[in-house]
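Here the structure comes first, spelled out in C-alpha cells, and everything after it is commentary.
Both counts, for ligands and for their atoms, begin at 1 and track the order of listing. Quick note: numbers below take in every heavy atom, side chains included, and nothing from hydrogens, waters or symmetry partners. Just so it is clear, the model here is predicted, and its values are computed rather than measured.
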Amino acid sequence: MALTIRPLNSGYIPTKPLEYWYHFSCKKYIEKQGITNENSQLPDFTFLIEGGEKLVLVDTGMAWTERADKYHHGPSNQRPGIDDIESRLAQVGYKPTDVDVILFTHLHWDHVFYVEKFTNARLICNETEWEYAHNPIPLHYKSYEIPIIAKDGDVIVAPFDQPGVKERFEFVKGECEILPGISVYESPGHCPGHMTVVVETEEGPFFCVGDSVFVMGNIDVPEDMAAELHYDISPPGRYVDIVAAWNTIRDTVRRCKEAGVDPHKHLMLAHDGILAAAVEKYEATHNNQLPVIGKKDTDFDFETYRHAVEEK
Ligand SMILES: [Zn+2]
C-alpha cells in the first residue's frame, strides 16, 4: 500500500503577519497584497503518515489553550476533545499508543506537546536541535519551555524532557531515510536543528516542512519586490539565522522542482492557513472526516483549498 498523509490540526495560535510571516524588509510589498500586521490565527498542523509498515506522525502539536496563553501566544485556541492530538488521532481511528514513530521537525513548544502519551513510539529529532533546546539563549527560553519560565508556583518541564520521554529520544544528522519512502533532511534557519520530512506517495513526494516555510507566501516574490530588492523568495520574520532560513527555502523549492512537483501543492506547512480552511471545509462537507493527501483518486486537492479560502 502506498503512503498517504492526513493533516491533523492541533489548534490555532495568533501571529502578527508582518513580524512572523515576513521579514520587515518585505513590509511595503506585502502590505500591497492587503496583508496587515493585525493578529491572525494560524493553525498548528501535525501530519499522520499511513499506509506503510509503521504508523508515523510528524510532530505532536500545541498545548491546551490555558497553557499556550499563559506561556506563549494568546489568545490561542485548542478546542478540548477536538483539536488536541489525542482527539485528532481518535477522529481518524487511532490511539496515541498506535503510533510507531514520531519525527519532530523541531522542538518548539507548539510541535511537541502530549508526547508522553505516545508510549510505544520511537521519538526522533535532529541532534543539533536537541542540543540547542537544552542550551538556548534567553530569547528562546519560552519556545523550548525552559524550566526558568515558570510563574505562580508552576513547575515547568519541557514535554520532551519528561521522565520516560527524554531517555527515548533518538537523533539524526544530515539527510537520511527513516523508513521506506520516508526520509528527512536538515532545514535550519527557523531554529538551529530544524528538519523536513519527505514522504513518497503515488502523487510524488510531499514535504512536511514544519516552520521552515512559515507561510506559503515565503516561496513567492511580489514582482515589485523582485525588481527593487532582487529577492528570490519572501523571507520569513521569525528565524534564528536568516541566511540559513533563506537557503533552506531555496533548497526546498529546488527539491520540489527537481522532483517535478509544484511546491504550492506539495509543501505541507505546520502553520498553513490555506490548508486549515480547506480541511475545515472538507470536515464540514464529509461528515467530520479528515482528507487524505497523496492519493491519486483523492477528492481533496489544491483547487479545493484555494476555493475554501476565497469563500471564507
Ligand atoms: Zn517553530
Side-chain angles (χ1 to χ4, degrees), residues 7-23 39-47 57-63 67-69 71-74 76 78 83 85 102-115 123-146 149 158-161 169 184-197 207-219 234-242 244-249 252 267-273 275-276:
L8 309 178
N9 182 14
S10 68
Y12 281 89
I13 308 170
T15 51
K16 290 194 187 305
L18 300 176
E19 289 167 28
Y20 261 79
W21 303 9
Y22 296 105
H23 187 260
N39 254 340
S40 179
Q41 292 286 349
L42 285 187
D44 188 15
F45 277 104
T46 72
F47 296 96
L57 185 62
V58 178
D59 295 338
T60 56
M62 64 185 277
R67 174 66 171 262
D69 286 1
Y71 289 103
H72 304 286
H73 309 256
S76 66
Q78 182 180 73
D83 295 321
I85 188 63
I102 305 176
L103 300 171
F104 291 96
T105 58
H106 61 306
L107 298 176
H108 283 169
W109 73 277
D110 54 325
H111 298 259
V112 297
F113 257 88
Y114 304 107
V115 56
L123 310 173
I124 302 175
C125 79
N126 183 277
E127 184 180 86
T128 303
E129 185 67 359
W130 183 262
E131 283 165 15
Y132 187 69
H134 292 88
N135 192 23
I137 58 170
L139 183 64
H140 303 135
Y141 282 177
K142 284 186 177 180
S143 304
Y144 294 107
E145 295 232 336
I146 299 303
I149 68 171
F160 49 79
D161 268 345
F169 262 85
V184 298
Y185 66 85
E186 291 180 351
S187 47
H190 172 75
C191 56
H194 196 286
M195 68 182 193
T196 289
V197 180
F207 299 75
C208 298
V209 296
D211 291 3
S212 67
V213 178
F214 201 76
V215 290
M216 200 58 95
N218 293 139
I219 68 169
S234 296
R238 174 76 201 262
Y239 50 81
V240 298
D241 178 342
I242 192 62
W246 197 304
N247 283 327
T248 282
I249 294 172
T252 298
L267 299 187
M268 302 281 109
L269 286 55
H271 303 294
D272 191 345
L275 179 61

Quick one: are the ring centres of Tyr239 and Trp246 less than 6.0 Å apart? no
Consider only side-chain N and O atoms of His73 and Asp110, and report whether a donor and an acceptor are under 3.5 Å apart. no
With a 6.0 Å cut-off on ring centres, are His271 and Tyr20 close enough? no
With sequence neighbours excluded, what pairs up with Glu129 under the salt bridge (charged side-chain N to carboxylate O under 4.0 Å, His left out) test? none
Ring pair (Phe, Tyr, Trp, His ring centres under 6.0 Å) with Tyr185: which residues, sequence neighbours excluded? none
For Arg238, what residues pass the salt bridge (charged side-chain N to carboxylate O under 4.0 Å, His left out) criterion, not counting sequence neighbours? none
What protein N/O/S atoms are found closer than 2.8 Å to the Zn ion (ligand 1)? His106 NE2, His108 ND1, His190 NE2, Asp211 OD2
